[in-house]
J.: 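One structure, pasted below without further comment.
Below, read A as the first sequence line, B as the second, and so on, with proteins coming before strands; counting in each chain starts at 1. All heavy atoms count here, side chains included; hydrogens, waters and symmetry mates do not.
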There are 2 protein chains.
Amino acid sequence: MSTKPDNPERLGGRVSEIRVAAVQLFYEQGYNATSLRDIAKVMGLRAPSLYNHISSKQQLLQDIMFDNTFSLRGLIDAATERGGETVVQLKLAAESLMRYAAQHRFQVHVSMSELPNVDEPAKGQLVRLRLENFDRWRNLIRRGCKEGVFTTKHPGLSAQAILDLGAGVSYWYRPGGLYDEDKFATYYSEIALRIVGASIVET
Amino acid sequence: MSTKPDNPERLGGRVSEIRVAAVQLFYEQGYNATSLRDIAKVMGLRAPSLYNHISSKQQLLQDIMFDNTFSLRGLIDAATERGGETVVQLKLAAESLMRYAAQHRFQVHVSMSELPNVDEPAKGQLVRLRLENFDRWRNLIRRGCKEGVFTTKHPGLSAQAILDLGAGVSYWYRPGGLYDEDKFATYYSEIALRIVGASIVET
DNA sequence: CCTACCGATCGGTAGG
DNA sequence: CCTACCGATCGGTAGG
């Protein structure tokens, strides 16, 4: 078969639908306040029917969080692997982070706020993966500092600040709201460059 | 009597103890995942005994969130009411925000993440109060732009970014962690000045 | 401050 | 995919 249930890389249609419904409800109500009956109702089903597609509510949450964490890793990796000027790499990484946070705000928000509800050992793994992502951002900024194109004295705090902005976007962004995606993504990535003490570049 | 139960302005000792226990558990486990039995256990009591001091679990959450929202208002008001240069006002406001977010990270984090679990009409009131706080930050930045000391083209997005940083602090800060409070509060408030396009000042 | 208890709701299973 | 159901846990109350 070309698709495997519960495989994040290639989701069956039904599993994907459940995740879309779940992540929105988790975003709006929180994981614990969302019952499987709620999720089923959105899909026009009864709660027990969900178990034909998922193994548990907890696994559903974990799949969402791992997916999101690996996607965030992909963003920073994609921006650094293509080479070019370090300042351009950071600008592209920051802009793609902000756009991702806006487009996938449900997942990003849930990944931030529901970590306490993830069972071990998955919680520990997620914390480790998140730290690895943080390290990638910090290493990019450190590299710019060595090259003399960034002037910040605290690469770690700068990386943290940029990631804080991305998390913030997932909280307040609404499609059709006051700021459209192009506007704030451009401006927030400019802010990222200011944070590391780079001059603003045209890409 | 000089104290009234459930009055945020002057808490009885027992009520205060319950809130301290509750806010830490809400931070660690989430509101819905924290039972009144959990809170009571921390205090060496049984769950029904809590009702001698609080009216409901929901009211306990609302009290925590209103307290926090009014405290945040006090920070921005205190920084702007003392007058002086606008850039200094913003620096003081930002630094006090970052210190507050660190020192009261449980409350700040809970206030951000548990809003979906607040019943109406309190939820709507909190959203409105939060918007009013945001306006105070934006107005301060707009004033700096008019005076020509800030160069940002988007005062609203700049205000949002600074508040995002404060929220971020409440997520990752740990006492005794990699960055001590003086270090990151100083650096994060420098970042706030960079965000609005001000030069860094000595205070 | 306690014990005893209640109605509601939950995640999940049985069986088809 | 469904109905029927179960054990566990919850917030909160009664009564003292």
Side-chain angles (χ1 to χ4, degrees), chain A residues 1 3 5-6 11-65 110 113-120 122-123, chain B residues 1 3 5-6 11-65 110 113-120 122-123:
Chain A
M1 309 300 288
T3 60
D6 270 342
L11 292 171
R14 215 71 176 132
V15 178
S16 171
E17 285 175 43
I18 292 173
R19 277 203 208 172
V20 169
V23 77
Q24 179 163 356
L25 288 169
F26 293 168
Y27 174 83
E28 291 169 354
Q29 307 176 343
Y31 172 76
N32 275 296
T34 300
S35 68
L36 290 172
R37 289 156 177 85
D38 291 334
I39 298 170
K41 181 182 268 186
V42 168
M43 305 186 62
L45 302 176
R46 308 285 181 159
S49 303
L50 297 176
Y51 283 88
N52 291 312
H53 308 287
I54 66 171
S55 57
S56 71
K57 187 190 178 192
Q58 171 68 209
Q59 190 62 49
L60 187 56
L61 176 64
Q62 291 184 14
D63 289 347
I64 289 167
M65 300 195 72
V110 167
S113 61
E114 301 295 356
L115 188 64
N117 288 318
V118 176
D119 294 343
E120 297 291 2
K123 179 157 70 174
Chain B
M1 306 303 288
T3 62
D6 271 343
L11 292 171
R14 215 70 177 133
V15 178
S16 171
E17 284 175 43
I18 292 174
R19 279 202 207 172
V20 169
V23 78
Q24 178 162 356
L25 288 169
F26 292 168
Y27 174 84
E28 291 168 355
Q29 308 176 342
Y31 172 76
N32 274 296
T34 300
S35 68
L36 291 172
R37 288 157 177 84
D38 291 334
I39 298 170
K41 181 182 267 185
V42 167
M43 305 187 61
L45 302 176
R46 308 285 180 158
S49 303
L50 296 176
Y51 283 88
N52 291 312
H53 307 287
I54 65 171
S55 55
S56 71
K57 189 190 176 191
Q58 171 68 209
Q59 189 62 49
L60 187 56
L61 176 64
Q62 291 185 13
D63 289 346
I64 289 167
M65 300 194 72
V110 168
S113 61
E114 300 295 356
L115 187 65
N117 288 318
V118 176
D119 294 343
E120 297 291 1
K123 179 157 69 174

J.: Pick the nucleotide of DNA chain D nearest each of B:Gln58 and B:Asn52; which residue has the one closer to the 5' end?
T.: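 Looking at DNA chain D, the more 5' nearest nucleotide goes with B:Gln58.
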
J.: Determine which nucleotide pairs with C:dG16, using a 3.5 Å limit on both distances of a Watson-Crick or G-U wobble pair.
T.: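 C:dG16 is paired, partner D:dC1.
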
J.: Give, ordered by number, those residues of residues 31-47 of chain B having at least one heavy-atom distance below 4.0 Å to an atom of DNA chain D; if nothing qualifies, reply none.
T.: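 B:Thr34, B:Ser35, B:Leu36, B:Arg37 - these, ordered by number, are the residues of the stretch whose heavy atoms sit under 4.0 Å from the strand.
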
J.: Can you give the first and last nucleotides of DNA chain C, 5' to 3', that have an atom under 4.0 Å from a heavy atom of chain B?
T.: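 Taking any atom under 4.0 Å from a heavy atom of chain B, the span is C:dC1 to C:dA4.
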
J.: Check B:Gln58 against B:Val118 and note the closest heavy-atom contact, atom names and distance.
T.: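 Shortest heavy-atom separation between B:Gln58 and B:Val118 comes out as OE1-CA, 3.5 Å.
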
J.: Please report the C-alpha distance between B:Leu25 and B:Lys41 in whole Å, then the side-chain angles of each, then the deciding distance to 0.1 Å, and finally whether the side chain to side chain contact (heavy atoms under 4.5 Å, CB included) criterion is met.
T.: CA-CA 11 Å; B:Leu25 288 169; B:Lys41 181 182 267 185; over 6 Å; no

J.: Can you see which heavy atom on A:Lys123 is nearest to which on A:Pro116, and at what distance?
T.: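 A:Lys123 and A:Pro116 have their closest heavy atoms at NZ-O, 3.8 Å.
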
J.: How far does CD of B:Gln24 sit from OG1 of B:Thr34, to the nearest 0.5 angstrom?
T.: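 Here the interatomic distance stands at 10.5 Å.
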
J.: Do A:Ile39 and A:Leu60 make a side-chain contact, defined as non-hydrogen atoms from C-beta onward lying under 4.5 Å apart?
T.: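 The answer is yes; the side chains approach within 4.5 Å.
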
J.: Please report the closest heavy-atom contact between B:Ala21 and B:Met43, naming both atoms and the distance.
T.: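 For B:Ala21 versus B:Met43, the nearest heavy atoms are CB-CG, 4.3 Å.
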
J.: Provide the closest heavy-atom pair for B:Glu114 versus B:Phe26 in the form atom of the first, atom of the second, distance.
T.: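 It is OE2-O, 4.1 Å.
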
J.: Can you tell if the side chain of B:Glu28 reaches within under 4.5 Å of the side chain of B:Asp38, non-hydrogen atoms only?
T.: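 They are not in side-chain contact.
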
